[in-house]
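Reviewing the structure listed below.
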Amino acid sequence: MSDLAPHPLHEPILAWYDEHARELPWREPGASAWSVMVSELMLQQTPVARVLPVHAQWLERWPTPADLAAEPTGAAVRAWGRLGYPRRALRLHAAATAIVEHHDGVVPETYVDLIALPGVGDYTAAAIASFAYGRRHVVLDTNVRRVLARTTGGIEFPGTSVTKAERATATALLPLDVPTAATWSVAVMELGALVCTAAGPRCGDCPVADLCAWRAAGHPAYDGPPRKAQTWAGTDRQCRGRLLAVLRDSHAAVPSSRLDAAWADEGQRLRCLASLLEDRLVVRVDAGSYALP
DNA sequence: GATGCGTGGGA
DNA sequence: TTCCCAAGCAT
């Protein structure tokens with residue numbers, strides 16, 4: 001390879017990945033760009049283990065963007081199951097529709113075309129361009145940010161949002177060789193997912209432990225702003241989830257009495273139902289019943 | 001830049 | 001049990 005700017009982190013992490021990478025369907029040599037794209041949307045804030053079965057079902061049922069685009073959006077919401085954040089299902093459907101309409105049904109290759117799609121932000125655009133098409137992009141997800149914060153920044157956790165300095169570091173670290181750059185990105189992500197985890201780093205298994213600034217400093221405790229705990233019990237999110245679960249589990253329109261039974265607080269229930277309608281995750285069938293779109 | 005958005009598994 | 005959080009995005 002023609003890596004003109006090798007960094008001491010490169011070889012150990014690339015070698016570690018070669019040895020320890022998980023075999024995942026969207027990493028198979030024959031995996032389509034669509035398979036990669038579906039996986040990336042599903043993996044946004046959702047663990048790999050829960051994505052695996054749903055991803056397999058989606059790819060079997062909808063092998064191409066056109067297959068998904070041909071279905072009503074409610075089919076995508078239902079097939080999303082319990083992955084969480086069901087608006088992602090709508091966005092994936094909308095992205096499939098846009099791909100059919102503007103890209104001849106083929107997942108686009110460039111960052112600019114990708115990030116224009118619904119549900120595709122900076123991370124996902126860079127990930128699809130890199131992992132599906134082998135392009136060279138800085139891929140900054142929570143794993144990469146944590147690994148870099150520790151190895152080069154000497155701190156336990158990155159800040160709440162990506163800083164210019166952080167992006168500059170990641171850019172400087174990205175191998176110049178194009179195919180190696182894509183492998184590097186997935187390798188650092190994998191290291192963060194399997195070894196350099198948020199819960200507790202396993203430095204004994206880390207290929208770059210002896211190069212890690214945070215470890216060299218004696219693992220100083222995180223001293224940034226408190227990471228706000230996600231409240232859950234009694235929130236609108238929980239209420240929306242309950243209401244949508246009732247609709248997902250029924251193929252027929254659901255009378256509002258069944259929604260009433262799913263959430264006791266009427267004011268909150270009505271507010272959440274209204275927001276689900278606003279989000280197009282639910283439609284009103286008639287005066288007293290609702291369904292998936 | 002801060003918020004809101006689901007879910008279920010592990011420590 | 002309770003808490004934390006897992007490959008973010010849109011507003």
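- Nucleic acid contact class of A:T235 (heavy atoms, under 4.0 Å, all strands): none.
- At C:dG8, one or more side-chain N or O atoms of A:Q45 fall inside 4.0 Å of OP1 or OP2 (strictly under the cut-off).
- Within a 6.0 Å radius of CD in A:E28, other residues, nucleotides and ligands contribute more than 12 heavy atoms.
- Across the interface with DNA chain C, nearest-nucleotide mapping of A:G119 and A:R22 shows A:R22 to be the residue nearer the 5′ end.
- One can place CG of A:N143 at 8 Å from C1' of C:dA6, the figure rounded to the nearest angstrom.
- Here C:dC9 presents its P atom at 16 Å from CE of A:M42, a figure rounded to the nearest Å.
- The side chain of A:E190 has C:dA7 as its nearest neighbour among B:dT7, C:dA7, B:dC5.
- No contact: A:W80 has no heavy atom under 4.0 Å from any strand.
- Toward the 5' end of DNA chain B, the nearer of the two residues A:Q44 and A:S161, judged by each one's closest nucleotide, is A:S161.
- Across all strands shown, A:R145 has no heavy atoms under 4.0 Å from either base or sugar-phosphate atoms.
- Distance CG (A:D236) to P (B:dC5): 5 Å, rounded to an integer number of Å.
- With distances taken from any side-chain atom of A:Y85 to the nucleotides B:dA2, C:dA7, C:dG8, the minimum falls on C:dG8.
- Distance check on atom P: C:dC3 versus B:dG6 gives 22 Å, rounded to whole Å.
- Summarising the geometry, atom CG belonging to A:L14 is positioned 10.0 Å from atom CG belonging to A:L9; distances are rounded to the nearest 0.5 Å.
- Checked against B:dG8, B:dG6, C:dC9, the side chain of A:P86 finds its nearest nucleotide in B:dG6.
- At whole-Å resolution of the value, CD1 in A:I115 and P in C:dC9 are 8 Å apart.
- Residue-level contact check: A:L24 touches the bases, meaning some heavy atom is under 4.0 Å from a base atom.
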Derivation of the salt bridge (charged side-chain N to carboxylate O under 4.0 Å, His left out) call for A:E40 and A:R88: CA-CA 11 Å; A:E40 290 301 340; A:R88 291 181 293 166; over 6 Å; no
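- Taking atom CG on A:L43 and atom C1' on B:dG6, their separation rounds to 15 Å, with Å as the unit.
- Relative to the ring axis of A:F157, A:R150 places its NZ or CZ within 45° and under 6.0 Å from the centre.
- Residue side chain A:R237 reaches the base of B:dG6 through a donor-acceptor N/O pair under 3.5 Å, judged by distance alone.
- Rounded to the nearest 0.5 angstrom, A:T183 OG1 and A:D177 CG are separated by 9.0 Å.
- When atom types are taken as modelled, the side chain of A:W263 and the backbone of A:R240 share no donor-acceptor pair closer than 3.5 angstrom.
- OP1 or OP2 of C:dC5 has not a single side-chain nitrogen or oxygen of A:R146 nearer than 4.0 Å.
- Rounded to an integer number of Å, the gap from A:R240 CZ to B:dT3 C1' is 13 Å.
- Within 4.0 Å (heavy atoms only), A:L83 reaches at least one base atom of the nucleic acid.
- Heavy atoms of A:V51 sit nowhere under 4.0 angstrom from any nucleic acid atom.
- An OP1 or OP2 oxygen of C:dA10 is reached within less than 4.0 angstrom by no side-chain nitrogen or oxygen of A:R91.
- Regarding A:R88, its CZ atom lies at a distance of 10 Å from the C1' atom of C:dA7, rounded to whole Å.
- Each of A:A199 and A:P118 was assigned the nucleotide of DNA chain C with the nearest heavy atom; the assignment lying further toward the 5' end belongs to A:A199.
- Using a 4.0 Å heavy-atom criterion, one finds that A:D279 contacts no nucleic acid atom at all.
- Distance, A:L243 CG to B:dC5 P: 12 Å, rounded to whole Å.
- Taking 4.0 angstrom as the limit, A:T46 places none of its side-chain polar atoms (N or O) nearer than this to OP1 or OP2 of B:dG6.
- Comparing the P positions of C:dA7 and B:dA11 gives an interatomic distance of 15 Å, to the nearest angstrom.
- Nearest heavy atom pair, residue A:V138 against residue A:A126, reads O-CB, 3.4 Å.
- Heavy atoms of A:A127 sit nowhere under 4.0 angstrom from any nucleic acid atom.
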